[in-house]
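Structure first, commentary second.
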Amino acid sequence: MLKASSKVLSIFLFITPYEFFLKTLINLILLLPLGNYFYFKSMDSIKNYIEENKERFISELIELLKIPSISADSAYSQDVINTAETVKKALKEAGCDSVEICETPGYPIVYGEKIIDPKLPTVLVYGHYDVQPADPLDLWHSDPFEPVIKTTEKHPQGAIFARGACDDKGQMYMHVKALEYMVKTNNLPCNVKFMIEGEEEVGSESLGWFVERNHEKLKNDIILISDTGMIANDTPSITTGLRGLSYVEVEVTGPNRDLHSGLYGGAVANPINVLTKMIASLHDENKRITIPGFYDKVEELSQEERNEMAKAPFSLENYKKALDINDVYGEAGYSTNERNSIRPTLDVNGIWGGYIGEGAKTVIPSKAFAKISMRLVPNQDWKEITELFQKHFESIAPAGVTVKVKPHHGGQGYVTPIDTAGYKAAAKAYAKTFGKEPIPVRSGGSIPIVALFEKELGSKSILMGFGLDSDAIHSPNEHFGIFNFLKGIETIPWFFHYFANK
Ligand code: BES
Ligand code: MN
Ligand code: MN
């Protein structure tokens, strides 16, 4: 009878009967009060909890992924709003005490919190529920909004294929399920706030607006974000840096109308010829950017730091093979991993103009356009770089055309030291669940709002990402490994545990 009831109790507490017996004994010897009992036995139940609930976790995520919350395309605005509602419901069910949809000039922000004791530290979780457009659609092997599970070379346990699976619905949802575990098993060791936005993929303008107006509400001791990646499933890493971004659109205008390329060819400037030449001149033979002043504030890493970076496992052969390229390309004097993380870049994201229909049309177009992004590194100011670009680009326009530069969005880069309580708690959490110390890595991607959080709220962000570079975020066939999803859910409560008990 005793055995049977202890078994029932132990199942209720998500621990094995053996653990239950042992812990009851220790509790009795130490005469720990019951409240402590839960806390004392605490986190060992996480693996069991995940094992017992993983099918439900996955099917809930699949439902979330079915809503096409594409923030860039106004045709989907109702879907974006519906996704906010779904996230609100999920947070409520997972155990937030209060959840609200906060209206902004743009898409709403889902805010939720569970304050167990105002004297305890507070973790603010940030994520985004919007996704990138899915196109080009014909390159997807399954519908981007009808999630399917398939195995891949990197994900032998299966991966969920859908737009937003990794960036960022899947990673954001790990936090919701980690909260569910902590609340349901009485393992939440501190206060938690959630702030999930719907405009990350288009520049987070409304979030900036919201953060500026809600300092008190968003007060926290650390911000926790899963919207980045790690090296490999057997090589955990924590992102310690993000690049900044300056995004511009340029327009080159020649004659006032499209012209016959025979009658006028050779006698007037062709805007496409001119634009491509101007773009080509933005890099020199060492693939360095030629905009005067562009590198003035770039942080140069010491040889020691570069040596440290070079220790991260990396195979150039595999890198090339994964992308089907016969060689890499980039700034002279830097390794591939340096080029895509600690060095700034300038890339054309799209270029158009003239005739691109079937067959041939002999024409000199009136206009040519390009969208250009510059990835920036710490200390480069994105507004200053945008101005430098504008000034330079206008100055190199030859006679015969006019040039317009239209700045889009941008944001500052970010670096976080690794000797903070937050980083240490994250490192311990990974070591616990992966059985390996995580490697600190600077990422090439951007989450501009992270620098703004530091400026407005005075808090550092910990970037605990669980995606892989091969997960094809922003590309056709985006996916997120089941292993990664569940490992994230397992690791997050450990972060809370170590951070609250620092
Ligand atoms: N989650 C990504 C950023 C990211 C991915 C950082 C992987 C590090 C590793 C985010 O959703 C994103 O796509 N950011 C944009 C910038 C934004 C202003 C549109 C980016 O990096 O292009
Ligand atoms: Mn993202
Ligand atoms: Mn993204």
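Atoms CD1 and CD1, on I462 and I238 in that order, are 7.5 Å from each other to the nearest 0.5 Å. The SG atom of C190 sits 10.5 Å away from the CG atom of D117 when rounded to the nearest 0.5 Å. In this structure, the separation between CG on L61 and CD1 on I160 is 4.5 Å, given to the nearest 0.5 Å. Taken to the nearest 0.5 Å, the CD atom of E205 stands 10.0 Å off from the CD1 atom of I449. To the nearest 0.5 angstrom, L188 atom CG is 6.5 Å from F496 atom CZ. For the atom pair NE2 (H128) and CD1 (I447), the distance works out to 7.0 Å, reported to the nearest 0.5 Å.
F495 has its side chain within reach of I222: a pair of non-hydrogen atoms, C-beta onward, lies under 4.5 Å apart. D227 has its side chain within reach of D167: a pair of non-hydrogen atoms, C-beta onward, lies under 4.5 Å apart. By the 4.5 Å heavy-atom criterion applied to side chains, I342 and E305 are not counted as neighbours. Side chains of Q380 and F294 form a contact here, defined as non-hydrogen atoms less than 4.5 Å apart. You'll find the side chain of L242 stays beyond 4.5 Å of the side chain of S446, heavy atoms only. Counting heavy atoms from C-beta outward, R243 and S341 have side chains that stay 4.5 Å or more apart. P493 places a side-chain heavy atom less than 4.5 Å from the side chain of M43. Proximity of S461 to E454: side-chain heavy atoms (C-beta onward) are nowhere separated by under 4.5 Å.
Between Y423 and P417, the shortest heavy-atom distance links the atoms CB-O, 4.0 Å. A312 and I439 make their closest contact through CB-CG2, 4.3 Å (heavy atoms, listed as atom of the first residue, atom of the second, distance). Nearest heavy atom pair, residue M172 against residue V87, reads CE-CG2, 3.9 Å. V176 and F194 get closest at one heavy-atom pair: N-CE2, 4.2 Å. Considering every non-hydrogen atom in both A431 and P438, the closest pair reads N-CD, 4.3 Å. Closest approach of K460 to V415, counting heavy atoms only: NZ-O, 3.5 Å.
The neighbour count for K367 NZ, taken as heavy atoms of other residues, nucleotides or ligands under 6.0 Å away, is above 12. For E331, the CD atom is densely surrounded, since the number of other residues' heavy atoms within 6.0 Å is greater than 12. More than 12 heavy atoms of other shown residues, nucleotides or ligands fall within 6.0 angstrom of atom NZ in K150. Counted within 6.0 Å of OH on Y76, heavy atoms from surrounding residues, nucleotides or ligands total 12 or fewer; the atom is thus considered open. Dense packing is recorded around CG of L137, with more than 12 heavy atoms of other residues, nucleotides or ligands lying under 6.0 Å away. Residue-environment remark: NZ (K383) stays at or below the threshold of 12 foreign heavy atoms within 6.0 Å. Shown here is E394, whose CD atom has more than 12 heavy atoms of other residues, nucleotides or ligands within 6.0 Å.
Residue F466 is tested with Y430, F483, F480 for a ring pair (Phe, Tyr, Trp, His ring centres under 6.0 Å); the sole match is Y430. Of the residues listed (E308, R442, E338), the one engaging L301 in a side-chain contact (heavy atoms from CB on, under 4.5 Å) is R442, and it is the only one.
Between the side chain of R375 and the backbone N or O of T345, no donor-acceptor pair lies under 3.5 Å. Side chain of D79 to main chain of S69: no donor-acceptor pair is present (N/O by atom type, distance under 3.5 Å, no hydrogens or angles). No donor-acceptor distance shorter than 3.5 angstrom exists from the side chain of N477 to the backbone of A472, with no hydrogens or angles considered. Between the side chain of W140 and the backbone N or O of A134, at least one donor-acceptor pair lies under 3.5 Å. Counting only distance, with no hydrogens or angles, the side chain of D143 and the backbone of F145 share a donor-acceptor pair below 3.5 Å. Of the possible donor and acceptor atoms, one in the side chain of K193 sits under 3.5 Å from a partner among the backbone N and O of K219. Put simply, the side chain of K169 gets close to the backbone of L64: a donor and an acceptor are under 3.5 Å apart. Under the 3.5 Å distance criterion, the side-chain polar atoms of E201 are left unmatched by any main-chain donor or acceptor of D130. Looking only at distances, a side-chain donor or acceptor of S237 sits under 3.5 Å from a matching main-chain atom of I231. Between the E100 side chain and the Y111 main chain, no donor and acceptor come within less than 3.5 Å of each other.
A donor-acceptor contact under 3.5 angstrom links the side chains of S204 and E197, judged on distance only. A donor atom on one side chain and an acceptor atom on the other are found under 3.5 Å apart for Q78 and N82. A donor and an acceptor atom, one from each side chain of Y414 and Q412, are nowhere located under 3.5 Å apart. Using a 3.5 Å distance cut-off with no hydrogens or angles, the side chains of S206 and E199 do pair a donor with an acceptor.
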* Mind running side-chain contact (heavy atoms from CB on, under 4.5 Å) on V441 and T239 for me, showing each step along the way? => CA-CA 5 Å; V441 172; T239 304; 5.7 Å; no

* To do: Decide salt bridge (Lys or Arg N to Asp or Glu O under 4.0 Å) for K406 and E251; before the verdict, give the C-alpha distance in whole Å, the side-chain angles of both, and the deciding distance to 0.1 Å.
  => CA-CA 8 Å; K406 193 172 102 192; E251 177 188 312; over 6 Å; no

* Working for salt bridge (Lys or Arg N to Asp or Glu O under 4.0 Å), residues R343 and E300 -> CA-CA 9 Å; R343 301 300 295 166; E300 295 291 342; 3.6 Å; yes

* Any chance you could lay out the side-chain contact (heavy atoms from CB on, under 4.5 Å) test for E200 and L207, step after step, and finish with the verdict? => CA-CA 8 Å; E200 196 279 339; L207 185 67; over 6 Å; no

* Asked: Between K391 and E387, is a salt bridge (Lys or Arg N to Asp or Glu O under 4.0 Å) present by the stated rule, with each step listed?
  -> CA-CA 6 Å; K391 217 171 105 209; E387 271 171 37; over 6 Å; no

* Trace of the side-chain contact (heavy atoms from CB on, under 4.5 Å) decision for I489 with Y181 -> CA-CA 9 Å; I489 300 172; Y181 161 73; 5.6 Å; no

* Would you sort out whether H497 and K432 count as a side-chain contact (heavy atoms from CB on, under 4.5 Å), showing the intermediate values? => CA-CA 11 Å; H497 174 83; K432 178 85 188 170; over 6 Å; no

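F499 carries K502 over the face of its six-membered ring, with the cationic atom under 6.0 Å from the centre and within 45° of the normal. A cation-pi arrangement is absent between K184 and Y49 under the rule of less than 6.0 angstrom and at most 45 degrees off the ring axis. Under the 6.0 Å distance and 45° angle rule, K287 counts as a cation-pi partner of Y329.
Relative ring orientation between Y126 and F453 is described as perpendicular, the plane-to-plane angle rising above 60° on a 0-90° scale split at 30° and 60°.
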